[in-house]
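To start, the structure itself, in structure tokens.
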Amino acid sequence: MGAPPLLRTSVRHVLPYAYHEVLNPATGQIVETVRATTAAEVDAAVARAAKAQQGWAAAAPADRARLLRRFAAVVDEHLEQLAQLEVRQAGHTIGNARWEAGNVRDLLDFAAGGVERLNGRQIPVAGGLDITILEPLGVVGVIAPWNFPMPIAAWGTAPALAAGNAVLLKPAETTPLTALRLAELSLEAGLPEHLFQVLPGAGEEAGNALVEHPGVAKIVFTGSTRVGKQIMAKCADRVKRVTLELGGKSPNIVFADSDLEAAVAATPMSFLDNSGQDCCARTRILVQSSVYDRFLDLLAPAIESIVVGDPADENTQMGPLISRAQLERVRAYVPDGLKAIRGTAPEGPGFWFPPTVLTDLAPDAPAACEEVFGPVAVVLPFEDEADAIRLANATEYGLSGSIWTRDVGRAIRVSRAVAAGNLSVNSHSSVRYWTPFGGYRQSGLGRELGPDALTAFTETKNVFINTEA
């Protein structure tokens with residue numbers, strides 16, 4: 001099975017298990033009630049996964065690749081169903097949700113292409129032949145966040161499976177439904193039973209059990225820096241491999257020589273996509289002082305025109321925040337009286353906050369240097385290239401960022417000087433499944449995606465063969 005029995009129910013009739021209510025963020029209404037996985041069930045799942053992994057690793061690479069491509073095809077057949085689930089559980093706009101389901105499909109296809117190319121090396125040595133062999137780790141635990149439940153789960157799951165591992169996926173408590181459906185689809189596609197299991201539940205129990213289990217060889221975690229540090233410490237105690245994708249406070253640097261209209265047009269969705277619940281959101285807008293006023297004049301109507309509303313509506317550009325708790329967190333960063341450019345948002349049920357750009361904050365104000373994780377950005381002036389770099393690096397994070405300029409030399413200089421793992425010039429694109437992704441500083445550890453994605457889930461074994469004996 002893709003998940004322990006009785007995990008999905010609409011009635012709380014099985015005691016003493018804990019349950020999590022999945023709420024529609026646009027209405028606040030219950031979508032489904034999901035039973036939480038216990039620590040004992042995690043232990044049993046690891047045992048099942050370890051057994052399934054042995055057969056999977058022994059299978060011919062061509063057969064593993066064929067099954068992963070079949071999994072991708074089945075996901076594609078159910079793309080609309082997955083997208084609609086994401087709209088209901090996460091409040092994503094339907095356009096975004098369709099892209100996210102398609103990204104799962106594409107990641108599986110991309111990973112399948114690497115199965116037969118997971119090559120070792122032959123290294124010249126004296127007296128013999130030296131080769132390296134890439135072997136799967138075993139059982140991998142993936143702990144996925146609530147902001148992008150499908151694609152980020154696939155970032156770890158697809159390459160881990162392709163490299164010959166079993167995967168235990170723990171989705172966030174608020175957004176388990178698409179993960180559970182993906183586990184069902186994996187069985188429909190013909191993947192071995194227990195190879196890919198989904199374990200919904202609280203981080204404090206199911207998550208900790210996964211991190212601390214001696215049978216889990218690696219943890220892939222996406223979430224807050226605070227929790228990432230806790231997981232890293234627990235993995236260190238067990239010398240367990242870990243990849244961390246954590247917080248961000250990314251700059252959007254706009255130089256006076258840029259195409260200002262293009263920079264302004266791209267700015268709103270650089271921090272409003274997914275209602276700002278994006279670790280790559282460009283929430284620090286740094287604008288050269290000579291064009292600062294003009295930039296704000298152009299930005300105001302762009303922010304005010306953003307369509308915020310029902311995420312199931314094809315015309316909606318921004319939906320709700322994920323939860324009441326997240327709404328209150330965002331509100332705390334924007335007290336009454338702050339000077340700002342504001343859009344509009346629905347009133348009434350749901351967790352709504354309007355697009356907001358704070359225009360009169362000091363660079364060290366909380367909203368300017370802490371991760372808000374909502375539709376809130378700050379705009380700050382800078383004088384010259386050195387000042388822009390100083391402001392861009394004035395944060396503990398280093399995940400992403402954008403540079404707007406027509407000067408190629410400046411683009412290269414600033415790209416080299418900004419301490420971030422993923423930068424775009426005259427663009428806000430951060431993530432492509434065929435290029436590496438990861439952060440500097442407290443934005444994470446390791447890299448995901450890209451041409452080396454599969455090797456992150458392998459051990460390198462070196463073998464020397466004496467030819468002179």
Side-chain angles (χ1 to χ4, degrees), residues 23-29 86-97 146-148 174 248-252 254 263-287 292 295-362 365-380 428:
L23 302 182
N24 184 332
T27 65
Q29 296 180 344
E86 204 74 295
V87 170
R88 292 198 296 275
Q89 73 168 356
H92 291 191
T93 61
I94 184 61
N96 278 13
W146 50 257
N147 60 326
F148 291 105
T174 50
K249 191 68 177 176
S250 299
N252 175 14
V254 181
V264 169
T267 290
M269 297 315 295
S270 75
F271 74 94
L272 296 177
D273 187 50
N274 200 29
S275 306
Q277 298 166 130
D278 180 353
C279 50
C280 291
R282 274 63 164 173
T283 53
R284 291 187 300 140
I285 307 168
L286 311 180
V287 182
Y292 181 84
F295 184 91
L296 289 183
D297 289 343
L298 294 170
L299 184 63
I303 295 295
E304 292 162 0
S305 67
I306 295 295
V307 179
V308 182
D310 179 4
D313 188 323
E314 301 278 353
N315 296 315
T316 295
Q317 295 173 277
M318 189 185 107
L321 295 168
I322 187 66
S323 65
R324 175 69 59 185
Q326 190 62 20
L327 175 60
E328 295 306 321
R329 170 185 166 84
V330 173
R331 282 175 174 166
Y333 281 100
V334 190
D336 293 339
L338 288 183
K339 187 176 180 181
I341 299 168
R342 289 183 173 87
T344 60
E347 298 180 356
F351 314 123
W352 303 96
F353 196 87
T356 303
V357 178
L358 303 174
T359 59
D360 193 24
L361 283 186
C369 56
E370 297 175 12
E371 187 175 37
V372 177
F373 227 57
V376 178
V378 301
V379 59
L380 302 168
H428 293 304

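Just the heavy atoms: all of them, side chains too, but no hydrogens, waters or symmetry mates, feed the values below.
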_Checking Leu358 against Val379 for the side-chain contact (heavy atoms from CB on, under 4.5 Å) test, could you report, in this order, the C-alpha distance in whole Å, the side-chain angles of both residues, the deciding distance, and whether it holds?_
CA-CA 6 Å; Leu358 303 174; Val379 59; over 6 Å; no
*Counting N and O atoms only, with roles assigned by atom type, does the side chain of Thr356 sit under 3.5 Å from a partner on the main chain of Pro354, one being a donor and the other an acceptor?*
yes
*Any side-chain heavy atom of Glu314 sitting closer than 4.5 Å to one from Ile94?*
yes
*asked:* Please report the interatomic distance CH2(Trp146) to CD(Gln89), rounded to the nearest 0.5 Å.
replied: 12.5 Å
_Return the CD to CG distance between Glu304 and Leu299, rounded to the nearest 0.5 Å._
9.0 Å
*asked:* Could you report the tightest heavy-atom contact between Ala97 and Glu86, atom names first, then the distance?
replied: CB-CB, 4.0 Å
*OG1 of Thr93 to CG of Asn315: how many Å apart, nearest 0.5 Å?*
11.0 Å
*Arg282 side chain to Cys280 main-chain N or O, any donor-acceptor pair under 3.5 Å?*
yes
*Say whether Asn147 and Asn274, considering side chains only, have a donor N or O and an acceptor N or O under 3.5 Å apart.*
no
What pairs of donor and acceptor atoms, side-chain ones from residues 332-351 against any protein atom, are under 3.5 angstrom apart with sequence neighbours left out?
residue, atom, partner, partner atom, Å
Tyr333, OH, Glu370, OE1, 2.6

*Nearest 0.5 Å please: distance from the CD1 atom of Ile285 over to the OG atom of Ser250.*
12.0 Å
*Thr316 side chain to Asp310 backbone, donor-acceptor under 3.5 Å*: yes
*How long is the span from the CG atom in Leu286 to the CG atom in Asn252, to the nearest 0.5 Å?*
7.5 Å
*asked:* Applying salt bridge (Lys or Arg N to Asp or Glu O under 4.0 Å), can you list everything that pairs with Arg324, at least two apart in sequence or on another chain?
replied: none
*Identify the two heavy atoms, one from Leu321 and one from Pro375, that lie closest to each other, and give their separation to 0.1 Å.*
CD2-CD, 3.8 Å
*So, the side chain of Glu371 versus the backbone of Lys249: is there a donor-acceptor pair under 3.5 Å, distance only?*
no
_With heavy-atom distances below 4.5 Å as the criterion, would you say the side chains of Leu327 and Trp352 are in contact?_
no
*Does the side chain of Asn96 come within less than 4.5 Å of Asp273's, by heavy atoms?*
yes
*For Phe271, enumerate each residue passing the ring pair (Phe, Tyr, Trp, His ring centres under 6.0 Å) test, keeping only those at least two apart in sequence or located in another chain.*
none
*So, for Phe353 and Val376, which heavy atoms are closest and what is the spacing to 0.1 Å?*
CE2-CG2, 3.8 Å
_Contact check, side chains of Thr174 and Ile322, non-hydrogen atoms, under 4.5 Å_ = yes
*asked:* Between Ser275 and Gln277 (side chain of the first, backbone of the second, donor and acceptor by atom type, cut-off under 3.5 Å), is there such a pair?
replied: no
*Heavy-atom pair of closest approach, residues Ala281 and Gly276*: CB-O, 4.3 Å
_Please find the pair of heavy atoms, one from Ala90 and one from Pro25, that lie closest to each other, and give the distance._
C-CG, 3.6 Å
*Going by heavy atoms in the side chains, are Ile306 and Val308 under 4.5 Å from each other?*
yes
_Least distance between heavy atoms, Pro311 atom then His92 atom_ = CB-O, 3.2 Å
